[in-house]
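To start, the structure itself, in structure tokens.
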Amino acid sequence: MNQSTNNKPTLDRLNILDNSGNRQYVYPADVSGFYTKFKPFVFACLILLYAGLPWVKIGGHPAILLDVANRNFFLFGQVYNAQDFFLMFFIFSGAAFLLVVLTALFGRIWCGWLCPQTVFIEGLFRRVERWIEGPARARILLNKSPISLSKFAKKLSKHVIYLSLSLFLSHVFLSYFNTASNYYFFTFLSIILYFNFFLFREQFCVVMCPYGRMQSVLQDRDTININYDTRRGEPRGKAHDNTTGDCVNCGRCVAVCPTGIDIRNGLQMECIGCANCVDACDAIMLKLNRPLGLIRYDSLRGLETGKKRYIRPRLLGYLLAGCIGIGVASTLWINHLPFEANLLRVQGIPFTVTAEVIENKFMVHLVNKNTTPTTLTLINQSEKSVRVILPMFEVRLEPLQSFQAPVLFQIDKKNFFRDMKAQLLIKDSASGKEELLTGTLIGPF
């Protein structure tokens, strides 16, 4: 429901726009029903998960902490650093692929049930709005009424709570990056969140989010979406008219829509799959003693034939691609090393030559990425003629501690040849994993 009841949404104009094309603030009417009763539980679980993960300790560190400044990343007890960042590709691509599969199966169910934009608006901000200002009609009348002490008190209370929620959400988000104490980031993000959840709201979904515009290529006739059964509902008419369909044109489906569309016009980009219209329509059908499901989760094929088809060539292709991706990702994650090791040539003179010996100087850099202390053993794996001089061959490191030391490779002139390799094996005592470091030895010939 918006501030004007004269507009009827069409495929060319949203209900949230006035006759001049200006955006109007949306006040979705309250609704209850089968799907709506589950939403508070789903939203509460997601909000608690979001707010709790930075404070849950696994292995002495937060469950999720992306410490960008120190280039340390903690994910559910595992520690990664900048050299492991390529593994994030599999996390992001895997999440995107899962969203593609979910969209192909169930449309924009992510948007209506799981998206943070929806979760925070419906689970927090609109609940505050309804609690303070009342149902949709009361909120519209309050907004149009002249300023008064009661109106000022309600508006002030609402915005104080909105600002507090924005500050809280901003603090939690920055806690994932170990920057919650950064005043500038905190202030900027809080302002953005406050503006978004107070004023911008559905415009983020309608105008900014690219996901809705991808529906046409991600869905087909078998995708389960919220659809209006035109064969049963049309033509619309009065409840007592036996010559019309089941739709009595009450407008409840429009009144409860958070993006201001009329689902009876067909599937639209602005539909976020929240199921508000499903519960609203079912409530009317119950009052009229008519079958439920005039608006329901169904596919276009299901509306036409009454049959749903979940397994189809597109999903089999997704399944094959998903198995390949999981296989590659699993291999790389399993082989992930709990330490970092580098063999770097020192700056300056690349080699020195004495009467009978050629010397190449390198620097070995080690980092313990374990959450517990470990001992790294350095073993010479070069050819027998290559000698290694190190300050120590066993290095004990605390969690996230680094170590750097010079390494001197020596070889007699008579045994040297072009592109000769120096190899140093690094073995982790905690995990048993090892990495072979290789450098090229150079000389005067």
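The analysis underlying the following values was restricted to heavy atoms, covering all of them including side chains, and did not include hydrogens, waters or symmetry mates.
In terms of heavy-atom proximity, T244 sits nearest to P235 at CB-O, 3.3 Å. Taking each heavy atom of C250 and I284 in turn, the nearest pair found is SG-CG1, 3.9 Å. The shortest non-hydrogen separation linking L390 to P406 is CD2-O, 3.6 Å. Counting all heavy atoms, side chain and backbone alike, G134 lies closest to R139 at O-NH1, 2.8 Å. In terms of heavy atoms, A280 sits closest to R252 at CB-O, 4.0 Å. Of all heavy-atom pairs spanning D67 and F73, the tightest one is N-CD2, 4.2 Å.
Counting non-hydrogen atoms of neighbouring residues, nucleotides and ligands closer than 6.0 angstrom, the CH2 atom of W333 exceeds 12 such neighbours. Within a 6.0 Å radius of CG in N289, other residues, nucleotides and ligands contribute 12 heavy atoms or fewer. Counting non-hydrogen atoms of neighbouring residues, nucleotides and ligands closer than 6.0 angstrom, the CZ atom of F185 reaches no more than 12 such neighbours. Within 6.0 Å of the CE atom in M363, the count of heavy atoms belonging to other residues, nucleotides or ligands exceeds 12. When the shell of 6.0 Å around CZ of F393 is examined, it contains more than 12 heavy atoms from other residues, nucleotides or ligands. Taking a 6.0 Å sphere around CZ of F152, one finds it holds 12 or fewer heavy atoms contributed by other residues, nucleotides or ligands. In the displayed structure, K155 atom NZ is contacted under 6.0 Å by more than 12 heavy atoms of other residues, nucleotides or ligands.
In this structure, OH in Y310 is found 10.0 Å from CG in D222, a value given to the nearest 0.5 Å. Here the straight-line distance linking atom CD1 of I64 with atom CG of L75 works out to 6.5 Å at 0.5 Å rounding. A distance of 10.5 Å separates CZ of R309 from OG1 of T223, quoted to the nearest 0.5 Å. To the nearest 0.5 Å, atom CG of residue N81 and atom CZ of residue F74 are 10.0 Å apart. Here the CD-NZ distance, from Q83 to K369, works out to 6.5 Å after rounding to the nearest 0.5 Å. Note: S148 OG to L142 CG = 7.5 Å, rounded to the nearest 0.5 Å.
Take R127 and apply the salt bridge (charged side-chain N to carboxylate O under 4.0 Å, His left out) test, not counting sequence neighbours, and it matches no residue. Legend: residues meeting salt bridge (charged side-chain N to carboxylate O under 4.0 Å, His left out) with R221, ordered by chain and number and at least two apart, are E304.
Of the candidates I192, V128, I121, L165, F197 forms a side chain to side chain contact (heavy atoms under 4.5 Å, CB included) with just one, namely I121. Checking L400, V367, L66, N178 one by one against N72, the side chain to side chain contact (heavy atoms under 4.5 Å, CB included) holds for a single residue, L400.
R213 places a side-chain N or O within 3.5 Å of a backbone atom of C209 that can act as its donor or acceptor partner. Side-chain atoms of Y176 come within 3.5 Å of backbone atoms of Y50 as a donor-acceptor pair (strictly under, hydrogens ignored). At least one donor-acceptor pair under 3.5 Å links the side chain of N368 to the backbone N or O of L397. Under a 3.5 Å cut-off, the side chain of T118 and the backbone N or O of C111 do form a donor-acceptor pair. In this structure, T103 contributes its side chain and L218 its backbone to no donor-acceptor pair below 3.5 Å.
In this structure, F195 and F200 have parallel ring planes: the angle between them is below the 30° cut-off, well short of the 60° mark. In this pair, Y25 and F198 present their aromatic rings tilted. The plane angle is within the 30 to 60° band. Taking the six-membered ring where tryptophan is involved, the planes of F177 and F173 are tilted, since the angle between them lies from 30° to 60°.
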